[in-house]
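Scroll down for the structure; my scribbles are underneath it.
In what follows, chains carry the letters A, B, and so on, assigned in the order in which the sequence lines appear, proteins first and then strands, with residues in each chain numbered from 1.
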Amino acid sequence: MQLRMRILVASYRREDVTIELYGRTDDGMSVTALYYGFKPYFDLVEPEDSIVEEMKNDPEYFRMEEKTLWYMGRNRRVVRFFINSPWKVPEYRERYKKFCPVLAADIPFHHRFIYDMDLGSCVYIEGEEERDPRYSTDLVLRISKIENTDEFNPKLKVLSIDIENAIQKEKNDEWGRIFTVGYTLKFGDKIEQGAITDDDEKRLLEEFVKKVRELDPDVIIGYNIDGYDMPVLQSRMKKLGVRFSIGRDGGVPSRVQGRFWRLHGRVISDVWWSVKKIMHPKSETLNYVAKELLGEGKDNINRLKIEEEWSNRRDDVIRYCIKDTYLTVEVFERLRVLDRNMFMSTVTRLPLDDVTNGGTSNYVDSILIRRADRLNIGVPLTANEEKEEKIPGGYVHTIVPGLYSNVVVLDFKSMYPSMIMKYNICFTTLSPEGTIVAPSGARFLDKSVREGLIPSILRDLMEKRDAVKRLMKSSTGEEREYWDGIQNAIKVLMNTFYGVMASPFYRFTNVDLGSAVTSFARDTITRLIDRLEKRGFRVIYGDTDSVFIESGAKSVKEAVELGSRLSAELSREEGVTIEFEKVMDPLFSHGAKKRYAGKIVYPEDAKGTILVRGYETRRTDSFDLQSEALARVFDLILQRDIEGAINYSKDIVRRVLRGDPSIPLEKLVISRSVKSFDSYEQESLANVRVAKKLIEMGETFVPGMKVSWIVTNSRKSPQEVEPYIDGTEFRGTPDWEYYARRIEETLNRVLESLQSEISVISKSSGQRSLDTFVEQRAEEKGQKKNVTLDSFF
DNA sequence: GCCGCGCGGGG
DNA sequence: GTGTACGCGCGGC
């Protein structure tokens, strides 16, 4: 038979070392494709004859091959040993690396297969159908021919699951018993929901396993599924003697280094993790995120008294559980997690599972190792944990406090990749004979002598991205979104190359490379700032790859014209692309690097967006009143109502200081979770003390629970705190001065240049007055102090 | 300012 | 599984 499928997961069968490719066909069938006979191997550089002899006589030995590979600046004789068992490779690696360099000996076996066959995300397969009851897919076949085919995106089966289990656990148990498992299955437009409930927990778990195999999902999702549902399911199944065999090969999930889960044939995708990466919400709870994205939150169930709820209103709990799975899948879709990962899988040429549950070094490996192999360049092992000194980063221009009008922002297109390409920065070109000299001192060969491997890869990716962008511009609707996703994935991939160059954890890492990239970048941006200043523009700010120009324009239109003109002229002069990104009006800064807030007025589609950088209000120990006050202040400033902002700030701090009874106490509550007590070295942590007090008070506390409190006396050390129990009247008195001070500190970070105006509390604590502040800033900029308040605001 | 620790989500 | 977590804020020094 023959078919086309998108590869979702790759793995291998241990018994007979057979490669398994799992996927879905263009006509919607789930497939297991098996490749027999692929052998693991590793390379030894110039091994002694005795080592070769030893290997030849090893029971694992299959065959050997002589090669010439480029390694550490020259071509070397390399012996490639093929062996029988992939899991033995680490053993030989450790044994021989004392005697000679060992290459390519830490590449997962399924990756080795994909690289060697040079497979992309979609393949055409010819083969014989097999009847193998172990596999739960629609089709199982033995591959006789496999090659790449045009990309397609089959609809995938997504199963969202959620468990409800007891908090109170029995002796010797890791977790409380599971009451129910809810699910929502989505396959295209089809949706199926349900819950598995049984008073006999063992039967419930067996039913669950059966259900998963029957539904045969490609992707299993959940909210914090990695850290909660999976470990609990695994642990309860172990206790009750149920095999957690939900893999497409009948295998069980295994945990990869305390975080991700691997399962043959299915991708396990934690939506919480995606929410963090994509959305960066203030709070990461499902309830908050769902309300934010879908306008709908979780049902009302008291999770802390789940046992009671389960016995009193079982149906409500089941509904609640199913609703969670529904909200999770809706968030998953709204954030387009699957699409994003599919795009990344397409451009990195890796299975969906590897981009969902793996580090970014995989991306670079996938592209770089294939090309290195083709060019006979040796692939070294990943360096292990030698702490390299940190590479100096990007240039950040000093910013003078103020409120600026019509600010034009230019930025370098793909700054670091551009530097790598322009200056041929690569481990293959780093050489004392190089004629390209980085400001950091490293030397690189000229392209005409040897083009670097990484620069050539980036050049190809850049060209591809430009082509994709053209396709995007000439298309509409879904097709346009598709191309936009692809071009964005290419951008991420390109930046990843610098990321691994600068990381101490990668196989091709070298500090000289990373430092060369950033030094060239600093050189380039400061040169750009000089050019602008020579033309009479005032550059007010810049960071790594961007410059902010006070345009002096009378209107947005004028600023836009200026931006376009400068971008064209400067790109020509610098030989790299400098893009006109946006216009902000106004832009506010209190004079600290990496911190500003502005209202975007161009481009049109972002018009009205408030951009806040560096003033992240999200602190784990913050309270509502604090973040509300900050948001209000930003709002007023960007309406150019500085006086209003100051008045509001003074007012709120004063109100808090005098303990205004109209302030709801909930807005002072600070929350944090608490682990089991034995995991803390210090006894004085506020959250731990609150937990202990809760127990004393006869309230529920279980490790991992979130506790809330109000600070009642911060003068004592450690500060005194009183538990806050939702629905119970708070009896203590808040330390109003503490709260007022926290709010004042927060607001002063923004209004620093005005702080003498709102020093309600600590007038004598040596804070700078506005005048001295202006003076200092002026001196820092080498300006005379003819700066007036007016020019700031 | 650096370093190491703890949190976040889930019941 | 030929592997080795993510990013941020805080407190201690």
Side-chain angles (χ1 to χ4, degrees), chain A residues 11-12 14 39-43 83 85-94 102-113 115 162-169 175-180 222-232 254-260 262 264 270-277 280-281 283-289 298 301-307 309-310 317 320-321 324 328 354 357-362 365 379 381-382 384-385 387 390 505 616 618-622 671-675 679-682 684-685 687-688 700 702-706 718:
Chain A
S11 53
Y12 74 94
R14 215 180 139 104
K39 290 284 179 188
Y41 61 82
F42 59 90
D43 296 338
I83 63 171
S85 317
W87 58 91
K88 290 275 185 187
V89 173
E91 201 177 306
Y92 295 100
R93 176 179 76 210
E94 295 312 311
V102 182
L103 303 179
D106 59 354
I107 298 164
F109 191 50
H110 69 278
H111 287 154
R112 180 83 273 168
F113 176 77
Y115 303 159
D162 182 40
I163 63 168
E164 304 305 324
N165 73 310
I167 289 177
Q168 305 297 341
K169 57 195 186 194
W175 300 100
R177 92 167 171 97
I178 295 174
F179 299 127
T180 184
Y223 208 79
N224 195 20
I225 187 175
D226 283 348
Y228 194 76
D229 303 68
M230 289 297 287
V232 175
S254 66
R255 198 155 194 193
V256 188
Q257 239 357 54
R259 171 145 190 89
F260 304 124
R262 282 281 142 77
H264 285 206
D270 191 331
V271 179
W272 171 48
W273 194 240
S274 303
V275 161
K276 284 166 83 83
K277 279 209 300 209
H280 307 289
S283 160
E284 296 166 353
T285 62
L286 178 58
N287 191 41
Y288 179 89
V289 169
K298 283 159 76 96
I301 286 284
N302 187 349
R303 299 191 310 193
L304 295 178
K305 296 186 174 157
I306 187 79
E307 292 88 351
E309 299 280 55
W310 183 247
V317 175
Y320 163 91
C321 180
D324 271 13
T328 300
D354 293 283
N357 296 314
T360 49
S361 62
N362 276 328
D365 266 359
V379 176
L381 302 174
T382 294
N384 41 334
E385 60 189 311
K387 267 207 173 168
K390 260 202 165 172
F505 273 118
E616 289 335 327
R618 195 174 145 221
R619 294 158 55 122
T620 45
D621 65 343
S622 69
S671 293
R672 262 194 144 175
S673 74
V674 184
K675 298 190 296 184
S679 50
Y680 293 97
E681 306 251 325
Q682 283 178 303
S684 61
L685 295 169
N687 53 340
V688 181
T700 320
V702 267
M705 200 177 101
K706 196 169 254 178

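Among the nucleotides B/dG11, B/dG8, C/dT2, the one closest to any side-chain atom of A/Glu164 is B/dG11. Here the side chain of A/Pro90 is nearest to one of B/dC7, C/dT2, B/dG11, namely C/dT2. Considering only side-chain atoms of A/Val89, the nucleotide from B/dG8, C/dT2, B/dC7 that sits closest is C/dT2. Of the candidate nucleotides B/dG11, B/dG9, C/dT2, C/dT2 has the atom nearest to the side chain of A/Ala105. The side chain of A/Arg262 sits closest to C/dG1 out of B/dG10, C/dG1, C/dT2.
Using a 4.0 Å cut-off, some side-chain N or O of A/Tyr320 falls inside it from OP1 or OP2 of B/dG11. Within the structure, every side-chain polar atom (N or O) of A/Tyr223 is placed at least 4.0 Å from both OP1 and OP2 of B/dG11. A sub-4.0 Å separation between OP1 or OP2 of C/dC6 and a side-chain N or O of A/Arg259 is absent. In this structure, A/Lys298 reaches the B/dG11 phosphate: one of its side-chain N or O atoms is under 4.0 Å from OP1 or OP2. Side-chain N/O atoms of A/Asn687 include one lying less than 4.0 angstrom from OP1 or OP2 on B/dC7. For A/Lys169, no side-chain nitrogen or oxygen approaches OP1 or OP2 of B/dG11 to under 4.0 Å.
Across the protein-nucleic acid pair, A/Glu91 atom CD and C/dG1 atom C1' stand 14 Å apart, rounded to whole Å. Distance CH2 (A/Trp273) to C1' (C/dA5): 6 Å, rounded to an integer number of Å. In this entry the distance linking CZ of A/Arg93 with P of C/dT2 reads 10 Å, nearest Å. What separates CZ of A/Arg14 from P of C/dG3 is a distance of 13 Å, to the nearest Å. In this structure, CG of A/Asn165 is placed 9 Å from P of B/dG11, rounded to the nearest angstrom. Atom NE2 of A/His111 is separated from atom C1' of C/dG3 by 10 Å (rounded to the nearest Å). One can place NZ of A/Lys305 at 17 Å from P of B/dG11, the figure rounded to the nearest angstrom. Note: NZ (A/Lys88) to P (C/dG3) measures 15 Å, nearest angstrom.
For the C1' atoms, the distance linking C/dT2 with C/dG7 amounts to 29 Å, nearest Å. On the P atoms, C/dG3 is 33 Å away from B/dG8, given to the nearest whole Å. Between C/dT4 and B/dG10, the distance separating the two P atoms is 30 Å to the nearest Å. Spacing of P atoms, C/dG1 relative to C/dC6, comes out at 14 Å, to the nearest Å. Using C1' as the reference atom, B/dG11 and C/dC8 are 26 Å apart when rounded to the nearest Å.
The shortest distance between side-chain heavy atoms of A/Tyr320 and A/Ile306 does not fall below 4.5 Å. For the pair A/Thr180/A/Trp310, a side-chain contact is recorded, criterion being any heavy-atom separation below 4.5 Å from C-beta on. Residues A/His111 and A/Asp354 form a side-chain contact, since some pair of their non-hydrogen atoms from C-beta on lies under 4.5 Å apart. The shortest side-chain heavy-atom distance between A/Tyr228 and A/Ile163 falls under the 4.5 Å cut-off.
Backbone-only contact: A/Ile163 has heavy atoms under 4.0 Å from sugar-phosphate atoms and none from a base. Backbone-only contact: A/Asp162 has heavy atoms under 4.0 Å from sugar-phosphate atoms and none from a base. Using a 4.0 Å heavy-atom distance criterion, A/Ala166 is classed as making no nucleic acid contact. Contacts of A/Leu286 with the nucleic acid, taken as non-hydrogen atoms under 4.0 Å apart, involve only primed sugar atoms and P, OP1 or OP2. Heavy atoms of A/Tyr41 sit under 4.0 angstrom from at least one base atom. Within 4.0 Å (heavy atoms only), A/Lys39 reaches no atom of the nucleic acid at all.
In this pair, A/Phe260 and A/Trp273 present their aromatic rings perpendicular. The plane angle is above 60°, beyond the 30 to 60° band. Using cut-offs of 30° and 60° for the angle between ring planes, the A/Trp87 and A/Tyr12 rings count as parallel.
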Checklist entry - Given A/Phe179 and A/Val317, is the side-chain contact (heavy atoms from CB on, under 4.5 Å) satisfied, shown in steps? => result CA-CA 9 Å; A/Phe179 299 127; A/Val317 175; 5.9 Å; no
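In terms of polar N and O atoms assigned as donor or acceptor, the side chain of A/Asn224 comes within less than 3.5 Å of the base of B/dG10 in a complementary pairing. At a cut-off of 3.5 angstrom, the base of B/dG8 holds at least one donor-acceptor pair with the side chain of A/Lys276.
Under the Watson-Crick and G-U wobble criteria, each requiring two contacts below 3.5 Å, nucleotide C/dG12 is paired to B/dC2.
Closest-nucleotide positions on DNA chain B for A/Ser673 and A/Met705 were compared, and the one nearer the 5' end corresponds to A/Ser673.
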